2 protein chains.
Amino acid sequence: MTRPAQLLDRRARRRRETIEEILEVAVEVMTEDGVAALSLAEVARRMGLRPPSLYQYFPSKAAIYNALFAQGARRVAAAAVEAEAAELDGADPLARLRTFQDGFCRWCIENPVLTQLLFWRTVPGFEPSPESFAPAVAHLEELRSRLRAAVAAGQLAPQAASEEAVALFTCLVSGVVAQQFANEPDASYEQGRFTRLVPTVFDMFIARYAPKEHTS
Amino acid sequence: MTRPAQLLDRRARRRRETIEEILEVAVEVMTEDGVAALSLAEVARRMGLRPPSLYQYFPSKAAIYNALFAQGARRVAAAAVEAEAAELDGADPLARLRTFQDGFCRWCIENPVLTQLLFWRTVPGFEPSPESFAPAVAHLEELRSRLRAAVAAGQLAPQAASEEAVALFTCLVSGVVAQQFANEPDASYEQGRFTRLVPTVFDMFIARYAPKEHTS
DNA sequence: GTCTATACGTAGATAGAC
DNA sequence: GTCTATCTACGTATAGAC
C-alpha cells in the first residue's frame, strides 16, 4: 500500500513546482493588468489549465494574494541582507546600513507588483494574514538593529535609533520608490530620476542625526 | 419654441448637481470598497437610480475616473494655495512654502481616495486625459515658483530651484503620505505618526539647501 | 490531478419605451 | 431624463466524472 518514498517525493516536488508557477504567472498577470485586476481564470489560461484546477493548490484568490505577500516580504528582506553582505562584509555600520537600504530600494523597483501589494495595500478586500505579515515585521526589526549599531559605533546620534527616526527613514525610502513608480515606472534603478535620490535621502538622514562633535 | 432662460438655467443647474452627486457617491463607494473597486451599479443604487441612467451624465466608467482625477488635481492645488494665503499673506517665501506644503499634505490625508487616484495610479486601465492632467502640472509649477522665490530671497541656495531639488521635495512629501496611508490610514493629520514628520522633512530639505553663509 | 458542467453573481454598456 | 429589458462578458467557486 505504501508507495516508494521516491515517488512521493516526486509528487510533492511537482506540486510545489505547480504552486510556484501559479504565483509566478499571477505576478505576470498583475504586471500587465494591474495588481487589483488579478484573475484566476487568466492565470489558468496561461498555464494551460482550467480555472477549477487552481483550487487544488489554493483555496481562494485571497490565498494567492496572501502567498504572494508572504513571498514578497521574505524576498525583500533577503535582498536587503544580501546586498549588505555582498560587498561590505566587515565595513562600518553606516556603510552597511547604506547598502542594506540600497538593496531594499533596488528590489522594490525591480518588483513593482509585489511592492505595491506589500506597501500600498490597494487591493480591495485583501488583508495579509499574521503569518504572512511576520517577515515584514522582522525586516523592520533588522532596520532598527542596524540603526542601533550605527549609534553604538558613534556614527549617529542616539536619537537615530528612536521610533521617530525609524519612521522617518521608512518615509524617505517609501517616497523615492513611490515617486519613481508613479512618474517613471519603466526606468531602471540606476537611471531613474527618483531612485537616483536614494543616496541623497540617506545623506539627509545621517546629516540630521549626525553625532555631536567632541573637540577632545 | 424657445423656453424661458430661467427654465433652461434650472435644468442646467440640476444636471450639474446630479453630476456632482455622482462624483461624490463614487468617492464614497471607493472609500469603502477600494479605489479600483468602483462600481457604477453601486453608485446608481445609492442614488436611487438604475445603472443606465448614469450614462446620461458620463459616457463610461473611465470618464468618471477621469472627472475625479481632474477634480482632485484642482482641489489639491487649491488647498495648498489657500493654506498658504490663510495665515501668512506677506510672510517670507520659506514660511509661505512651508504652509503651502502643509496644506498639500493635509488635503492628501483628508482625501485618501483622490490622492490614490492622483498619485499612485493603481486603477487597472485608467490613464487621465491631458486636460485632466493639466492642473497637476500647474501645481508642480507653483511649487517650482515658490522654490525660486525662496532662492531669490536668499533663503535657499540656488540649487534648491533645480529639477533635482523639485523631485526631492516631492519624494519627501510623497513618502510621508504613503507611509501614513499604509500604516495608520485612519489617523488625523495632526495625530498621525508619519504626518507629524512633515515639518521634519521640510527642515531636512532647507538644511540641505541652506544658502552659503557670507560673513560679510 | 484534471477535467466538464454548472451555479451564481457581478459588471459595463446599449436599445428603445415612456 | 429615467426607466425596463437585454446583451455580452467575465469572474469565483463547487460538484462530480474520469
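Source: prediction; values computed, not measured. Side chains are part of it too, since the values below use all heavy atoms of this structure and drop only hydrogens, waters and symmetry mates. Naming convention: chains lettered A, B, ... in sequence-line order (proteins, then strands); numbering from 1 in each chain.
The stretch residues 192-202 of chain A participates, sequence neighbours left out, in no side chain to side chain donor-acceptor pair (under 3.5 Å) pair at all. For residues 58-78 of chain A, no residue pair satisfies the salt bridge (Lys or Arg N to Asp or Glu O under 4.0 Å) rule, not counting sequence neighbours. For residues 21-44 of chain A, the pairs satisfying side chain to side chain donor-acceptor pair (under 3.5 Å) are A:Glu32-A:Arg46, A:Glu42-A:Arg45, A:Glu42-A:Arg46, with sequence neighbours left out. Among residues at least two apart or in separate chains, ring-ring contact (aromatic ring centres under 6.0 Å, His included) pairs with a member in residues 162-183 of chain A are A:Phe169-A:Phe205.
Checked against salt bridge (charged side-chain N to carboxylate O under 4.0 Å, His left out), A:Glu163 has the following partners two or more places apart in sequence or in another chain: A:Arg144. Qualifying salt bridge (charged side-chain N to carboxylate O under 4.0 Å, His left out) partners for B:Glu164, counting only residues two or more places apart in sequence or in other chains: none. Under the ring-ring contact (aromatic ring centres under 6.0 Å, His included) criterion, B:Phe126 pairs with B:Tyr65, not counting sequence neighbours.
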Where do N or O atoms of nucleotides 11-14 of chain C meet protein N or O atoms at under 3.5 Å, pair by pair?
residue, atom, partner, partner atom, Å
C:dA11, OP1, B:Ser39, OG, 2.8
C:dA11, OP2, B:Arg45, NH2, 3.2
C:dG12, OP1, B:Leu40, N, 3.2
C:dG12, OP1, B:Lys61, NZ, 3.3
C:dG12, OP2, B:Leu40, N, 3.1
C:dG12, OP2, B:Ala41, N, 3.3
C:dA13, OP2, B:Tyr55, OH, 2.8
C:dA13, OP2, B:Lys61, N, 3.0
C:dA13, O5', B:Tyr55, OH, 3.2

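Residue-level contact check: B:Phe58 touches neither bases nor backbone, having no heavy atom under 4.0 Å from any strand.
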Output a table of donor-acceptor pairs, distance under 3.5 Å, between side-chain atoms of residues 97-104 of chain A and any protein atom two or more places apart or on a different chain; print 'none' if there are none.
residue, atom, partner, partner atom, Å
A:Arg98, NH2, A:Asp203, OD1, 2.7
A:Thr99, OG1, A:Ala95, O, 3.4
A:Thr99, OG1, A:Arg96, O, 3.0
A:Asp102, OD1, A:Tyr189, OH, 2.6

Result block: side-chain N/O donor-acceptor pairs under 3.5 angstrom for residues 127-136 of chain B, not counting sequence neighbours:
residue, atom, partner, partner atom, Å
B:Ser129, OG, B:Asn66, ND2, 3.0
B:Ser129, OG, B:Glu131, OE1, 3.4
B:Ser129, OG, B:Ser132, N, 3.2
B:Ser129, OG, B:Ser132, OG, 3.2
B:Ser132, OG, B:Asn66, O, 3.3
B:Ser132, OG, B:Asn66, OD1, 3.2
B:Ser132, OG, B:Asn66, ND2, 3.0

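For the segment residues 19-35 of chain A, the set of residues with a heavy atom within less than 4.0 Å of an atom of DNA chain C is empty.
Nucleotides of DNA chain D that come within less than 4.0 Å of any heavy atom of chain A span, from the 5' end to the 3' end, D:dG11 to D:dT14.
For the side chain to side chain contact (heavy atoms under 4.5 Å, CB included) with A:Leu68, the lone residue among A:Val113, A:Leu118, A:Leu114 that qualifies is A:Leu114.
Mapping A:Gln56 and B:Thr18 onto DNA chain D by nearest heavy atom places B:Thr18 at the nucleotide closer to the 5' end.
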